[in-house]
Amino acid sequence: MSNTIDNLLHEARRFPPTEEFAAQAIADAGLYERAAADRLGFWADQSRELLHWHTPFTRTLDWSEPPFAKWFDDGELNVAFNCLDRHVLAGNGDRVAIHWEGEPGDTRTITYAELTAEVKKAANLLTSLGIRAGDRVAIYLPMIPEAVVAMLAVARIGAIHSVVFGGFSAESLRSRIDDAEAKLVITADGGWRKGRVFPLKDAVDAALTGDATSVEHVLVVKRGENEVAWTEGRDLWWHDELALVDADHVAKAFPAEQPLFILYTSGTTGKPKGILHTSGGYLTQAAFTHKNVFDLHPESDVYWCSADVGWITGHTYVVYGPLANGATQVMYEGTPETPHPGRWWELIEKYGVSIFYTAPTAIRSFMKLGRQHPQKFDLSSLRVLGSVGEPINPEAWMWYREVIGGDTTPIVDTWWQTETGAIMISGLPGVTTLKPGSAQVPLPGISVDILDEAGTPVGKDQGGLLVVTEPWPSMLRGIWGDPDRFRETYWSKFGDKYFAGDGARYDKDGDIWLLGRVDDVMNVSGHRLSTAEIESALVAHPFTAEAAVVGAADETTGQAVVAFVIIKQNQLEQTEALDVAAELRKHVAEQIGAIARPRDIFIVSELPKTRSGKIMRRLLRDVAEGREVGDTTTLADTAVMSSIQAKLS
Ligand code: PRX
């Protein structure tokens, strides 16, 4: 049973670009040829073309001390100038940068000229508070325009932001503040979520009590209008302070390798890692991928990425990529189901969104709710859809295309990580013949491979571990304060090749299929099975809304497949009298083979997910193995585990 993912790889549907789309597409097949002929020359050309360099670079890559790369390192630029002033100087100041929509329905339209003016003032404010180039500023804000302003203001003065997702607890915020030794926190009184105000300033206060901290000031944006406690001398209102500073600010150039941000992400164990990104290389790949992967025509497109700025997707594809490219985008504060389950689709109709980028988990929740909600709205403005964050199963891909994309839009399935900074593997709309469920090919200028445990490339129709074989412009430059962990985590397994931590497989055409984190790969009776593959089989069954699969220790087989399944609302009645678990076990065996048949299937009403929507399989594994459930503090809803356990007992 070596071909256990045949189920996925037998996906036969193909979607070649239409002639009409290809004719207007930004990307063309020549990009691959140019990059293959001279990879470094290709990136140098892209960087010169897409960015404004105050001091042009003459060196493209310095890889003399791997794994510490330097890109364009004798050049100088200002990241914020690239995202703002230069568009105004080019005559596009009146173009809308952000159509912002608050959850309660309040709106703001912000042009490039207005955003530039705001950021200039904010940069002066930061300077007046003693923030200098290289200092760290923590940002803990809801999805409001000030989040973008704050990030760009920090970047403009050469300081380093560390955005902490607003859903993280005071404790997580504190550990991130301490690790980076942040001097300033920018937060809000509160933000809107699920129809009510959630407090943020309270969490900052809680984070800063106790032992002395590095934080000197807390800037507070007024958004929720909720009451807040105030520490005189430390706390300052954002709007009051901005009213006092100069409107003018000249962007100074910084070296290409000036640190831009730290973003914390969880490792397999231990404390979160502060992933460090720098300026010139990061912005080059952010702009290149945003333009080519989404086929961005900045003068006519309306782009929307639903990610929060607290995650890497929000950094690269809400802030830096779109703004570097002068795009017009939608930014939404709240949750998709508030005040009604069609809110996202309503926004797409309202703003005429043409490019939409979201996560498979969101798509599957919408599938669960049913197509009647999107069908109430006119989604015909959409012309490109994107997916990110986890493998998208072919059923979800097809639903996304048919129901949201009117059966016409290309879907780009984009593989990348916090560490990679920008998209690495994806089809290009207008060029690639798309395959539902496969992320397909490395982008031009990116070199990846799939290796076996011994480090040998596996070749077509084989699976193994995904690596990046050559340095890339937006690669992480390290883990903040921990060079050893950086080497150990990513560069010790295969020497100078970057180990991504994902399993992957080439199909017969050489297209890449992501199989999930290798920590989620199961070994059943000596056979490798991917959780993604079995989940995909389960959700392809008409009963199933969502499924999560874990490998649980088993005396006989090493590991056994255990599945947690949510049944579709409209199937509940029909399935009442059936042995649903038996039916699904049979289905998986039919789809993949007997080896993949789950030992146990538990029907549950919810799955444990992090605030970014990732299923926490570690907790399900605890349940499956009859252990006490581990740390649940990063769950969006900590009650989910009790409800699952109650179902099983
Ligand atoms: O397992 C891969 C999965 O998400 C991981 C990276 O997570 P994070 O750093 O939070 O960044 C998410 C947004 C870029 C990867 O190691 N992943 C991301 N995109 C895909 C994916 N898995 C399959 N297909 C994707 N398109």
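Hydrogens, waters and symmetry mates play no part in the numbers below; they use all other heavy atoms, side chains included. Starting from 1, each residue takes its place in the sequence as its number. Remember, it's 1-based here, ligands and their atoms both numbered in the order they're listed.
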S.K.: Does D507 come within less than 4.0 Å of K435, counting only side-chain N to carboxylate O?
M.R.: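 Salt bridge flag = yes for K435 with D507.
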S.K.: Show me, by chain and number, every protein residue that has a heavy-atom distance under 4.0 Å to ligand 1.
M.R.: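 Within 4.0 Å of ligand 1, the protein residues are I312, T313, V388, G389, E390, P391, D413, T414, W415, W416, Q417, T418, D502, L514, R517, K614.
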S.K.: Under 4.0 Å between a side-chain nitrogen and a carboxylate oxygen: does that hold for R618 and D631?
M.R.: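 The answer is no: the pair does not qualify as a salt bridge.
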S.K.: D308: which residues meet the salt bridge (Lys or Arg N to Asp or Glu O under 4.0 Å) condition with it, sequence neighbours left out?
M.R.: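 For D308, no residue satisfies salt bridge (Lys or Arg N to Asp or Glu O under 4.0 Å) once neighbours in sequence are set aside.
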S.K.: The criterion is salt bridge (Lys or Arg N to Asp or Glu O under 4.0 Å); which residues satisfy it with E257, sequence neighbours excluded?
M.R.: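 Expected list: R477.
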S.K.: With a 4.0 Å cut-off on N to O distance, would you call E390 and K614 a salt bridge?
M.R.: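 K614 and E390: not salt-bridged.
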S.K.: Under the ring-ring contact (aromatic ring centres under 6.0 Å, His included) rule, what pairs show up with a residue in residues 429-469, not counting sequence neighbours?
M.R.: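 Applying ring-ring contact (aromatic ring centres under 6.0 Å, His included) to every pair that reaches into residues 429-469, excluding sequence neighbours, yields nothing.
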